[in-house]
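Accompanying notes for the structure given below.
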Number of protein chains: 2
Amino acid sequence: MSENNPDSPPTPHAATSPSPPTEKKIPKAVIKRLSLYSRVLQNLEIMDREKVSSRELAARLGLNSAQVRKDLAYFGQFGVPGLGYYVSDLRQNIKRILGTDRAIRLALVGVGNLGTALLSYAGFARQGFHIAVAFDCDRRKIGSTKGNVRIYDAADLARIVRQEEIDIGILAVPADHAQAVCESLIGAGINAILNFVPAHLSVPDSVHVHYVDLSIEIESLSYYLR
Amino acid sequence: MSENNPDSPPTPHAATSPSPPTEKKIPKAVIKRLSLYSRVLQNLEIMDREKVSSRELAARLGLNSAQVRKDLAYFGQFGVPGLGYYVSDLRQNIKRILGTDRAIRLALVGVGNLGTALLSYAGFARQGFHIAVAFDCDRRKIGSTKGNVRIYDAADLARIVRQEEIDIGILAVPADHAQAVCESLIGAGINAILNFVPAHLSVPDSVHVHYVDLSIEIESLSYYLR
DNA sequence: CAGAAACCGTGAGGAAATTCACAATGTCGT
DNA sequence: ACGACATTGTGAATTTCCTCACGGTTTCTG
């Protein structure tokens, strides 16, 4: 389980694996920023900029330049002292590191309001992501297409997800179905999930979940209204 | 500026305010979790649970129970040793702390795909948030309503935002308009913004921006596909 | 070609956040 | 009323993340 539960005794099987001695561990925050760098570099490429310094990169993202350099240094030496980074070269390297140098195949589960918006969200295509299939359990939607994406019966999820070689599942179902659908996805071999449902998901350690929770964002902003 | 830019010399005016000596500083992450607690408590209330322990609260969110206790302890003593927390009481306290014990008024700027979805997103209403007005600069949309929300000309933003006593602005415009619209909002007195645009916003320190960036989430998930 | 300038990579230090661990405090059954 | 038990609140330890500061390398300028 990914539950961080030191309150109860450690689960026997996972307890004795102190840490995969696979080199040095890379902070999650670094990975998120790699994505940011990638997009800034994309913009710079469009502007025909050949090179960029860690300082400028940092300024464009509101970060510290040392952090930019350190982040990149986790993965190799991409810069040229006295000059900076070559925009295209760095961007390609980052895409390779992130694994976005090939098309990522997404499956959307839950074609309600939010799901529908995601099907036609231009931002995905621009970054090379592609919602390959969608699922719902509403008879009226099954079989139709929205934004060029076919909607299948959620009952066939496992089969189709395997068949279509889906990489990442997007969860946009009602809250009381979230855990069950999540388990279906995992059962179908998915180990990366983007969850729009305002509910915590219990998943094995091997599965990565990113949460996007709109109400939380509003609610926590509300705190800062003086 | 909120820019964390120690590369260039500190800006004169803001430089000499070391830290508002307003008691102890509360980590941003704590505020986000308060929101999570609030929602779990809402669910527990619906289940007619009278009390709950930090341990259960933690388990329901995949957190450590000490963290739950410490988070709450920032704001007072809400628990009863040996017993736990009273669900309704704690929830009310958290809502008061977050400022969500009154209706929060939102303005949406940019009624495209994503914006439209937000207008009819059920999750907002459920948590007591209300999109009061929307803005766009497309002639065909101005004057119409979507999901019971009237769409105004973005040119009238400042006037209407003040008139409607908007608390928080939601940004869902094309990337190249984001900074300008953001400045309009700030000019209209807004100091909390939820930004769905994949672009960094430069704002004064007094303004809080939360970023929701869907492509980043996908891209960084992609890294973890082994 | 030499000196100045720009900039990267990184060890050391610091800050922030999380977790541990336990004393203090309350409940509950008998 | 008392002892066993559950659970909070919190200082201390730990972990994670960020920033500083500087040596070293390359480019640029005259």
Side-chain angles (χ1 to χ4, degrees), chain A residues 2-10 15 18-19 23-34 36-37 41 49-87 89-90 93-94 220, chain B residues 2-10 15 18-19 24-34 36-37 49-87 89-90 93-94 220:
Chain A
S2 80
E3 263 58 1
N4 190 354
N5 201 341
D7 296 325
S8 46
S19 70
E23 304 163 18
K24 51 192 165 190
K25 194 185 48 180
I26 292 164
K28 258 176 65 176
V30 171
I31 301 300
K32 284 246 166 113
R33 284 194 297 269
L34 279 191
L36 292 172
Y37 303 152
L41 290 165
R49 287 279 306 274
E50 194 198 356
K51 39 196 190 174
V52 65
S53 67
S54 62
R55 192 174 182 176
E56 177 176 357
L57 226 34
R60 286 178 178 271
L61 289 164
L63 303 173
N64 179 301
S65 68
Q67 181 157 69
V68 172
R69 293 195 296 277
K70 191 153 271 201
D71 285 351
L72 296 174
Y74 275 104
F75 304 96
Q77 306 212 153
F78 304 113
V80 182
L83 199 147
Y85 301 89
Y86 286 98
V87 172
D89 173 61
L90 181 57
N93 271 296
I94 291 179
S220 55
Chain B
S2 80
E3 263 58 1
N4 190 354
N5 200 340
D7 297 324
S8 46
S19 69
K24 51 193 166 189
K25 195 186 48 178
I26 291 164
K28 259 175 66 175
V30 170
I31 302 300
K32 284 244 166 115
R33 283 194 297 268
L34 279 191
L36 292 172
Y37 303 151
R49 287 280 307 274
E50 193 198 356
K51 38 197 189 172
V52 65
S53 66
S54 62
R55 191 175 183 176
E56 177 176 357
L57 226 34
R60 285 178 179 270
L61 289 165
L63 303 172
N64 180 300
S65 68
Q67 181 157 69
V68 173
R69 294 195 297 276
K70 191 153 272 202
D71 284 351
L72 296 174
Y74 274 104
F75 303 96
Q77 304 213 154
F78 304 113
V80 182
L83 199 145
Y85 302 86
Y86 286 99
V87 172
D89 173 61
L90 181 57
N93 271 296
I94 291 179
S220 55

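Throughout, a chain's letter reflects where its sequence line sits, starting with A, and its residues are numbered from 1. This one's a predicted model, so the numbers in the text were calculated from it and none came from an experiment.
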task: Would you tell me if any nitrogen or oxygen in the side chain of B:Gln77 comes within less than 4.0 Å of OP1 or OP2 on C:dT25?
output: no
- request: Look at the side chain of A:Lys70 and the base of D:dT19, then say whether one donor and one acceptor between them are separated by less than 3.5 Å.
  value: yes
- prompt: Start at the 5' end of DNA chain D and walk down; is the nucleotide closest to A:Gln67 or to B:Val52 reached first?
  reply: B:Val52
query: B:Arg33 has a side chain; which of D:dT10, C:dT18, D:dT25 sits nearest to it?
result: C:dT18
task: Measure from the side-chain heavy atoms of B:Lys51 and tell me the nearest of C:dC28, C:dT10, D:dG9.
output: C:dC28
message: For the CZ atom of B:Arg69 and the CZ atom of B:Arg55, what is their distance to the nearest 0.5 Å?
response: 10.0 Å
- request: Taking only the side-chain nitrogens and oxygens of B:Tyr85, find out if one of them lies under 4.0 Å from OP1 or OP2 of D:dA6.
  value: no
Whole-Å distance separating the NZ atom of A:Lys32 from the P atom of D:dC17: 12 Å
message: If I take atom CG in residue A:Asn64 and atom P in nucleotide C:dT10, what distance separates them, rounded to the nearest angstrom?
response: 16 Å
message: Mind checking if A:Gly82 touches a base, just sugar-phosphate, or nothing, with heavy atoms under 4.0 Å?
response: base
- request: Using whole Å, report how far CZ of A:Arg55 lies from P of D:dA21.
  value: 14 Å
query: Whole Å only: how far is the CZ atom of B:Arg69 from the P atom of C:dA23?
result: 15 Å
